[in-house]
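Lettering of chains follows the sequences in order, A, B, ..., and the numbering in each one begins at 1.
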Amino acid sequence: MKKYFSLFLALALVLMMFAGCGGSPEPAAPAAPAETPADGSTAPAETPAPAGEKLKVANVVNGNLGDKSFFDSCEAGLSQLAADGIIEYKTFELGPTDADQPKWLSTLEELSADGSYDLIVCGTYQMPDYLTQVATNYPDQKYLIYDSAVDLPNVVCVNYKQNDMGYLVGTAAALATSSDLPNMNPEKVIGFVGGENGPVINDFLVGYIQGAQAADPDVKIDTQYVGNFYDTGAAKELANVMIGQNKCDIVWGVAGGAGNGAAEAANELKAWFIGVDSDQEATFSIAQPELAAVTLFSGLKNIGDSIIWVINEQLAGNTHYGETLNLGISEGGVSLATGGNFQTLPDDIKKAVEDATTKITSGEIVVDTAFGDNAADVEAIREGARP
Amino acid sequence: MLENILGIIFSIPFAFSILRITTPILFAALAAVVADRAGVTNIGLEGIMMISALTGVIFSAWTQSAGVGLLCAMVIGMLVALMIGFFALILKTDIILAGIAVNMLGSGGTILFMYLASGDRGYSANLASKVMPSIDIPLIKDIPVLGQILSGHNVLTYVALLCVFLVWVLLYKTPLGLQIRSVGENPNAADSVGVSVNRISFIALGISGVLAGLGGAFMSMGYMSSFNTNMTAGRGFIALAAEAMGRGEPLGTFLTSLLFGFADALANNLQSLGFPAELVKMTPYVFTIVGLAVYAASTMNKAKKIRHHSKTKKAGAAQAGA
């Protein structure tokens with residue numbers, strides 16, 4: 001048994017050597033033009049790949065596809081690029097739990113060592129440490145990380161201004177809670193069920209609070225965190241407390257798959273739910289129409305579109321490695337899903353959302369963020385807004 | 001602040017939520033009781049719950065009947081538990097490893113099966129599944145406060161409460177229960193009087209699987225109305241702790257499960273009072289440690305008392321003798 005195993009290992013090693021030989025010319029080719037800017041010439045830094053030679057992309061998912069939002073959005077973007085004949089890609093699903101975490105680093109490491117991919121894509125706030133480690137070891141490999149940032153010359157970071165999106169959601173929710181829509185109570189309280197108390201989720205939150213209180217200073221926001229992104233039961237209990245005891249009539253679920261629990265609570269206790277990342281009303285309408293009916297609208301994070309944009313930029317010769325791109329409303333990084341129930345909102349709410357959109361785009365409104373050097377004091381904002 | 005907390009604890013929605021939160025834990029904890037008393041530790045409860053939760057959703061969507069979905073969830077739960085038994089008792093693998101394997105299957109395998117059944121992977125968006133109904137209990141529902149707390153739950157919550165009694169009857173009032181306990185306490189002795197140890201262990205595991213299957217079905221067909229991956233979120237492990245704290249007694253396990261339900265419900269409310277989320281998440285575990293410490297202290301006290309008692313008796317006897 002042991003003999004066969006060692007034989008197998010030896011075989012695998014030999015194969016890997018061959019694979020390495022076969023792959024090496026490819027990354028070498030783009031490496032040469034990359035040196036040209038050092039000469040001072042501003043000539044096209046990178047020649048677009050010749051026709052027929054597609055960009056090879058590895059999509060590392062530190063969760064599972066099928067979330068109908070976050071990872072699926074990225075996958076949809078890549079699959080569209082593949083359908084357009086621009087790239088060929090392979091997706092590696094690694095699972096979300098603690099038990100799966102060791103695979104995240106090792107897969108990044110293996111794909112980088114393999115060297116046959118022109119670009120390795122990954123995302124979420126959970127990956128930067130792993131990516132920093134691997135990308136430092138493989139300076140010639142190119143990486144893209146979305147919804148998080150890593151400061152290395154071979155990594156392009158795509159961030160979304162979820163605070164801008166939060167501002168729009170907050171604006172609409174604050175006006176809706178005192179509107180005469182069905183199931184709205186007289187109290188001006190709205191809820192926020194977050195996944196984890198971390199910068200990305202809090203970026204949604206600070207925008208939400210700012211937008212809500214700008215629209216109506218009397219509105220209070222009840223914030224609670226599930227502690228993960230999969231415990232729907234816990235999310236439901238938190239939303240139950242918000243709606244039942246704390247008088248919320250609208251709850252925004254920003255907790256990945258767990259957010260569905262908040263929608264269930266809204267359905268049972270006759271309140272409203274707001275979705276996130278994808279158009280959740282559309283998703284619910286397939287098999288759970290009762291949940292679609294209580295979903296007022298959704299805040300969208302257009303990950304797929306942003307990845308298409310970055311790759312097209314690269315093919316046009318504009319690489320952004322070493323940069324962090326912050327995609328807001330005007331860049332199409334975030335938006336609101338305005339179909340379905342959103343259309344039943346009173347016109348003044350729709351108009352307020354439009355106004356806020358133009359003001360954010362023009363820079364008249366600057367939304368607080370939970371990121372970077374200018375990070376707002378999240379705790380003070382959150383506790384100050386509590387009912 | 002304390003006033004606020006007390007106000008919440010003595011509110012009706014809070015008491016109502018305790019029973020709802022306790023239900024899945026109680027099912028799994030009772031499953032652990034039955035298996036443990038037969039000497040087979042079923043550590044695969046989490047995985048069984050997950051597999052059953054998915055099974056219930058798939059079959060209730062296909063047949064458009066919640067009852068059929070529930071039945072299938074129970075049957076699959078039993079089959080998976082028997083599979084643990086097959087590996088552990090027949091093929092002689094370590095039962096803990098077999099249980100861990102089932103937990104991994106529950107986490108990863110459910111994604112595969114959901115994909116095969118519906119094309120979904122993260123959450124059962126394409127499966128129009130059914131849920132078990134909530135019921136009002138006649139008479140009880142008219143009692144002022146108590147009625148609002150006890151009535152109107154999902155039917156599976158009442159099944160869970162009934163199961164506490166049924167498991168107690170099974171263990172203490174039936175010949176099978178006697179055999180289960182004897183096999184658990186001393187398999188060699190049981191064997192020597194003609195009890196088939198393997199047969200009893202298999203039966204206990206099967207019952208344990210059915211109970212865990214009910215817990216899983218509650219997650220996706222009562223608590224929620226759909227399945228999503230990892231939705232049991234550690235409840236199968238909390239149940240193992242509840243069983244250990246309840247010393248394997250049905251009633252004791254019921255009380256410790258309630259304690260976990262209480263701690264969880266309290267945690268949900270503390271956040272909205274401004275306690276940090278991370279601190280609040282510890283509540284159930286703090287309860288476990290405190291509970292175990294109190295239990296250990298009281299047993300030690302009892303042991304001391306008995307020793308003291310027997311000493312004074314001896315001394316008394318010696319004096320009488322003198």
Side-chain angles (χ1 to χ4, degrees), chain A residues 63-72 93 95-97 99-100 191 194 196-197 222-242 244-246 248 256-258 260-261 263-264 267-269 280 283-291 379 382-383 386-387, chain B residues 7-8 11-14 16-17 20-21 23-24 57 61 100 103-104 107-108 110-111 114-115 118-129 131 134 218-220 222-235 264-265 267-278 280-281:
Chain A
N64 289 109
L65 294 178
D67 58 358
K68 304 280 170 193
S69 67
F70 196 79
F71 292 124
D72 278 2
E93 285 178 80
T97 62
D100 296 316
E196 271 178 49
N197 185 5
D222 187 14
T223 304
Q224 310 202 28
Y225 301 95
V226 182
N228 59 52
F229 292 87
Y230 48 79
D231 193 344
T232 37
K236 183 178 181 180
E237 292 299 339
L238 293 176
N240 273 335
V241 172
M242 287 181 179
Q245 274 124 284
N246 301 348
C248 295
N260 292 357
E264 302 246 2
N267 177 38
E268 278 169 30
L269 299 178
Q280 289 193 265
T283 313
F284 286 144
S285 66
I286 304 169
Q288 293 169 292
E290 68 282 0
L291 296 187
E379 207 184 322
R382 182 178 62 216
E383 300 311 319
R386 241 182 238 294
Chain B
I8 287 168
S11 71
I12 290 166
F14 182 80
F16 188 87
S17 75
R20 183 178 52 217
I21 295 170
T23 305
V57 162
I100 291 175
N103 287 337
M104 290 164 90
S107 174
T110 47
I111 300 172
M114 181 159 54
Y115 182 69
S118 69
D120 294 318
R121 286 199 258 200
Y123 128 78
S124 60
N126 291 326
L127 290 169
S129 57
V131 291
S134 293
F218 175 76
M219 289 303 297
S220 64
Y223 213 173
M224 293 294 133
S225 60
S226 62
F227 175 84
N228 68 295
T229 47
N230 298 314
M231 75 184 302
T232 52
R235 288 175 176 80
D264 236 4
N268 292 334
N269 280 281
L270 286 181
Q271 265 201 65
S272 62
L273 292 178
F275 283 91
E278 293 80 4
V280 159
K281 290 279 160 234

Could you check whether any side-chain heavy atom of B:Glu278 comes within less than 4.5 Å of a side-chain heavy atom of A:Asn197, counting everything from C-beta outward?
yes

Quick one: what part of B:Ile111 sits under 4.5 Å from any heavy atom of chain A, side chain, backbone, both or neither?
side chain

Quick one: are B:Ser17 and A:Asn240 in side-chain contact, heavy atoms under 4.5 Å?
no

Minimum heavy-atom separation for A:Ala287 to B:Ala125, with atom names?
CB-O, 3.1 Å

Among A:Asn267, A:Thr223, A:Asn260, which has the most heavy-atom pairs under 4.5 Å with chain B?
A:Asn260

State the CZ-CG distance between B:Arg121 and A:Leu65, to the nearest 0.5 angstrom.
4.5 Å

Scored by heavy-atom pairs under 4.5 Å with chain B, the best of A:Asn228, A:Leu291, A:Val241 is A:Val241

Would you say CD of A:Glu383 has more than 12 non-hydrogen atoms from neighbouring residues, nucleotides or ligands within 6.0 angstrom?
yes

B:Ser129 versus chain A, the contacting section by heavy-atom distance below 4.5 Å:
neither

Heavy-atom contact with chain B under 4.5 Å, split by part of A:Glu196
neither

A:Glu290 versus chain B, the contacting section by heavy-atom distance below 4.5 Å
side chain

Check salt bridge (charged side-chain N to carboxylate O under 4.0 Å, His left out) between A:Glu264 and all other residues, then give those that pass, not counting sequence neighbours.
none

So which part of A:Pro96 gets closer than 4.5 Å to some heavy atom of chain B, the side chain, the backbone, both or neither?
side chain

Contacts of A:Asp231 meeting salt bridge (charged side-chain N to carboxylate O under 4.0 Å, His left out) (sequence neighbours excluded), chain-then-number -> B:Arg235

Which residue, A:Gln245, A:Glu237, A:Gln224, forms the side chain to side chain contact (heavy atoms under 4.5 Å, CB included) with B:Asn269?
A:Gln245

B:Tyr123 side chain reached by A:Thr232 side chain, heavy atoms, under 4.5 Å:
no

Give a yes or no on whether the backbone of A:Tyr230 and the side-chain of B:Asn228 come within a donor-acceptor separation of less than 3.5 Å.
yes

Would you name the heavy atoms of A:Gln288 and B:Ser225 that are closest together and state the gap between them?
NE2-OG, 2.8 Å

Give the member of B:Asn126, B:Thr232, B:Asp120 that has the highest number of heavy-atom pairs under 4.5 Å with chain A.
B:Asn126

Separation between NZ of A:Lys236 and CD1 of B:Ile21, rounded to the nearest 0.5 Å:
11.0 Å

